[in-house]
J.: 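After the structure tokens below, expect a handful of questions from me.
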Amino acid sequence: MKKVWIIVFGLSCLGLSAQKKWSLRECVDYAVEHNLQVIQNQYSKQIQDSNLKMAKNQYLPSVSASMSNNVSFGQTSFGTGSLRNDRFSNSANLGADILLYNNGRLEKTVRKTQFDVEASQYDVETIKNDISLQIAQQYLTTLLNREIVKISESAVENAQKQYDRAKITTQVGTTAQTILAEAEAALAREKQNRKTAEINVGRSLFAMAQLLQLPDYKDFDIEYVEVPDQLEQPLKSVDEVLTTAFENQPQVKAAQSRINSALAQTEVSKTAFWPTLTGSVGIGSFYNNLLTTNTTGVDATGNLVMERNLFGQYKDNFGQNASISLNVPIFNKGNTKLQVEQSKINESVAKITLEQQKQTVRQNVQKAQFDVDANYETFLSAVETEKSTKLALEFADKSYTAGRTTIYDVNVARNNYANAQGSVAQAKYNYLFSLKLLNFYAGIPLTL
């Protein structure tokens with residue numbers, strides 16, 4: 001039994017150690033595959049695909065079949081008298097018609113629908129991009145919070161050393177009890193800061209799990225990524241990024257496809273001004289049965305003519321027909337003209353939408369470039385501040401050991417150094433995200 005428990009415990013430890021840690025690429029791939037908004041827009045894309053199939057099917061003829069049965073009882077008038085007319089009749093018809101001409105309405109409708117399909121596909125890509133950027137930002141936020149935890153742990157270690165030293169000096173009587181109390185309070189503050197940093201890590205992981213829409217967030221974790229202190233520079237200028245973004249960003253492509261769709265819809269609406277030529281063919285037959293008699297009359301020799309059965313009459317009465325019809329529009333209350341005008345208004349709206357999308361992309365790229373420059377300068381400034389506060393902490397610690405300063409000065413210097421370390425980490429990750437965003441608009445995939 002003891003061996004069994006050892007095995008169970010070992011497997012449990014193995015399962016804990018093998019807990020999955022998600023990379024940025026895995027997070028992005030999972031999000032774009034399982035996100036409900038993406039799935040919803042993929043259904044919209046499927047609807048447009050069906051519309052395209054229906055538009056192409058309009059080239060095929062429409063075929064229909066019909067069968068009718070009719071029975072009547074009672075007198076039928078003729079001349080000045082009436083005649084008993086109990087009758088059963090049956091007919092069957094099969095027909096097909098096809099559009100022969102309408103100034104290319106079918107081709108224009110197919111082309112318009114193809115642009116709608118393109119736009120819906122770009123809409124899906126736009127949502128995927130938005131989600132990818134949200135994932136990347138939250139991923140970097142989690143890494144930042146973990147780096148702050150490390151800074152807090154280092155501060156706790158220093159505060160612990162300060163407390164241990166104050167405890168010894170207080171016990172031997174070389175320092176006052178207030179020094180020990182202040183060292184204990186400083187240690188408690190640093191532990192509180194560490195706990196807050198750890199909670200922020202859990203909060204950022206929870207936010208990431210919600211972005212991924214995972215059912216269970218408690219076991220979610222991400223890979224540790226070492227972010228170097230030497231920050232890379234942008235690969236392209238703003239003008240180069242804008243040129244690439246206007247060509248590749250799906251929201252811009254979707255707006256352009258909707259312009260093409262609106263232009264095609266105008267051409268479709270104009271076809272209503274033209275005549276419509278339709279061809280039709282059909283076959284059919286019928287059956288009659290006089291319920292009061294089984295004769296239909298007499299022949300030339302005076303013999304009774306008996307009614308033929310169903311199949312016999314269908315054979316005798318079988319007929320074919322073909323026709324071509326022309327429908328010329330003359331006046332429909334001006335609706336066609338108004339529909340064309342509405343289509344042209346939609347063209348203008350689509351063109352404005354394209355300019356809005358370009359303006360949004362331009363602003364995003366310019367903001368990303370501004371953030372890259374500003375965050376880089378902030379990072380350099382924060383690094384210098386970190387160096388000076390570290391030096392100040394070293395001097396304060398040496399002075400306190402020599403008895404020339406108080407423990408309060410040491411605590412102030414340590415807090416300044418911890419804040420400077422946090423500012424460096426914040427600036428570094430802010431710069432990294434703004435750089436990744438700028439590179440993303442330049443067509444470079446999100447990676448760490």
Side-chain angles (χ1 to χ4, degrees), residues 22-35 37-38 41-42 118-145 204 207-208 210-213 222-257 353-379 425-448:
W22 295 58
S23 66
L24 176 59
R25 185 73 265 165
E26 288 174 330
C27 290
V28 170
D29 291 343
Y30 182 90
V32 299
E33 182 179 355
H34 296 88
N35 186 272
Q37 191 176 4
V38 173
N41 278 266
Q42 286 174 339
E118 287 181 2
S120 62
Q121 179 61 45
Y122 291 138
D123 288 340
V124 174
E125 297 300 323
T126 299
I127 295 174
K128 288 183 178 181
N129 285 351
D130 292 341
I131 293 173
S132 299
L133 291 176
Q134 294 178 37
I135 293 292
Q137 185 174 25
Q138 190 60 42
Y139 202 96
L140 291 174
T141 300
T142 305
L143 294 178
L144 169 62
N145 289 335
S204 59
M208 175 72 81
Q210 286 201 317
L211 279 176
L212 295 175
Q213 298 178 349
I222 64 173
E223 289 182 349
Y224 172 74
V225 180
E226 183 69 33
V227 179
D229 292 333
Q230 298 297 326
L231 301 179
E232 58 184 274
Q233 297 295 318
L235 301 177
K236 297 182 179 181
S237 66
V238 175
D239 293 336
E240 291 175 325
V241 173
L242 278 175
T243 301
T244 303
F246 288 156
E247 293 176 354
N248 297 332
Q249 284 299 303
Q251 60 267 40
V252 176
K253 290 184 176 181
Q256 184 60 60
S257 294
T353 301
L354 175 62
E355 293 304 315
Q356 289 176 335
Q357 293 294 344
K358 285 186 175 181
Q359 184 179 35
T360 300
V361 170
R362 182 183 297 107
Q363 291 174 347
N364 290 340
V365 171
Q366 292 174 344
K367 182 179 183 301
Q369 180 63 61
F370 179 85
D371 290 342
V372 165
D373 297 336
N375 291 331
Y376 186 72
E377 294 299 325
T378 302
F379 173 75
Q426 183 75 54
K428 180 172 66 174
Y429 281 94
N430 285 344
Y431 174 83
L432 184 59
F433 177 73
S434 57
L435 180 63
K436 294 299 179 182
L437 180 60
L438 186 64
N439 290 339
F440 175 80
Y441 282 110
I444 301 175
L446 291 171
T447 56
L448 283 179

J.: Does N41 reach the side chain of Q37, with side-chain heavy atoms less than 4.5 Å apart?
T.: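 In contact.
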J.: Does N375 reach the main-chain N or O of N430 with its side chain, forming a donor-acceptor pair under 3.5 Å?
T.: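 Yes, N375 side chain to N430 backbone: donor-acceptor pair under 3.5 Å.
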J.: Taking the side chain as everything from C-beta on, heavy atoms only, tell me whether L140 gets closer than 4.5 Å to L143.
T.: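 L140 vs L143: side chains touch.
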J.: Does the side-chain contact (heavy atoms from CB on, under 4.5 Å) test come out yes or no for Q359 and E355, once each step is laid out?
T.: CA-CA 6 Å; Q359 184 179 35; E355 293 304 315; over 6 Å; no
J.: Given Q137 and L437, is the side-chain contact (heavy atoms from CB on, under 4.5 Å) satisfied, shown in steps?
T.: CA-CA 9 Å; Q137 185 174 25; L437 180 60; over 6 Å; no
J.: Rounded to the nearest 0.5 Å, what separates atom CG in L211 from atom OH in Y139?
T.: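 L211 atom CG to Y139 atom OH measures 13.5 Å (nearest 0.5 Å).
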J.: Taking side chain as C-beta onward, heavy atoms only, is Q249 less than 4.5 Å from F440?
T.: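 The answer is yes, as the side chains (C-beta and beyond) meet within the 4.5 Å cut-off.
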J.: To the nearest 0.5 Å, what is the distance between OG1 (T126) and CD (Q357)?
T.: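 Answer for the OG1-CD pair, T126 versus Q357, is 7.5 Å.
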J.: With rounding to the nearest 0.5 Å, note down the distance linking CG in D123 to CD in Q42.
T.: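 Separation between the atoms: 12.0 Å.
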J.: With heavy-atom distances below 4.5 Å as the criterion, would you say the side chains of T378 and Q426 are in contact?
T.: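 The answer is no, as the side chains (C-beta and beyond) never meet within the 4.5 Å cut-off.
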J.: Indicate yes or no: at least one non-hydrogen side-chain atom of K367 is less than 4.5 angstrom from one of N364.
T.: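 When only atoms from C-beta onward are counted, N364 and K367 do not touch, as no gap falls below 4.5 Å.
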J.: Might you point out which heavy atoms bring V361 and A245 nearest each other, and give the distance in Å?
T.: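 Looking at all heavy atoms of both residues, the shortest contact is CG1-CB, 3.6 Å.
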J.: Look at the aromatic rings of Y431 and Y376 and report parallel, tilted or perpendicular, splitting at 30° and 60°.
T.: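 Correct class here is tilted.
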J.: Mind listing the closest non-hydrogen atom pair of M208 and I135 along with its distance?
T.: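 Minimum heavy-atom contact is CE-O, 3.5 Å.
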J.: How close do V38 and K128 get, heavy atom to heavy atom, and via which atoms?
T.: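 The pair with the smallest heavy-atom distance is CG1-CE, 3.9 Å.
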J.: Contact between T244 and E240 at the side-chain level, heavy atoms closer than 4.5 Å - yes or no?
T.: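 T244 vs E240: side chains apart.
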J.: Under a 3.5 Å threshold, yes or no: a donor from one side chain and an acceptor from the other, between D373 and Q369?
T.: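 Per modelled atom types, D373 and Q369 side chains form a pair under 3.5 Å.
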J.: Side chains of D371 and L438: does their closest heavy-atom pair fall under 4.5 Å?
T.: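 D371 does not reach L438 side chain to side chain.
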J.: Can you name the one residue among V365, N129, V238 that meets side chain to side chain contact (heavy atoms under 4.5 Å, CB included) with Y441?
T.: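 Passing option: V365.
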J.: Run the numbers on Q213 and Y30 for side-chain contact (heavy atoms from CB on, under 4.5 Å), then give the verdict.
T.: CA-CA 10 Å; Q213 298 178 349; Y30 182 90; 6.0 Å; no
J.: Hey, are E125 and Q121 close enough side-chain-wise for a donor-acceptor pair under 3.5 Å?
T.: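 Note: Q121 and E125 side chains meet the donor-acceptor criterion.
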J.: Which heavy atom of S132 sits nearest to which heavy atom of V28, and what is that distance?
T.: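 Shortest heavy-atom separation between S132 and V28 comes out as OG-CG1, 3.3 Å.
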J.: I'd like to know whether H34 forms a side-chain contact (heavy atoms from CB on, under 4.5 Å) with L212, so could you lay out the CA-CA distance, the side-chain angles of the two residues, the decisive distance to 0.1 Å, and finally the verdict.
T.: CA-CA 8 Å; H34 296 88; L212 295 175; over 6 Å; no
J.: Considering all heavy atoms of both residues, which atom of S257 and which atom of Y122 are nearest to each other, and what is their separation?
T.: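 Heavy atoms only, the tightest pair is OG-CE1, 3.5 Å.
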J.: Nearest 0.5 Å, please: how far is CD in Q251 from CG in L354?
T.: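 It is 11.0 Å, given to the nearest 0.5 Å.
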J.: Which pair of non-hydrogen atoms, one from C27 and one from W22, has the smallest distance, and what is that distance?
T.: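 That would be SG-CB, 3.6 Å.
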J.: Using side-chain heavy atoms (C-beta onward) and a distance below 4.5 Å, is D29 in contact with E33?
T.: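 No, their side chains stay 4.5 Å or more apart.
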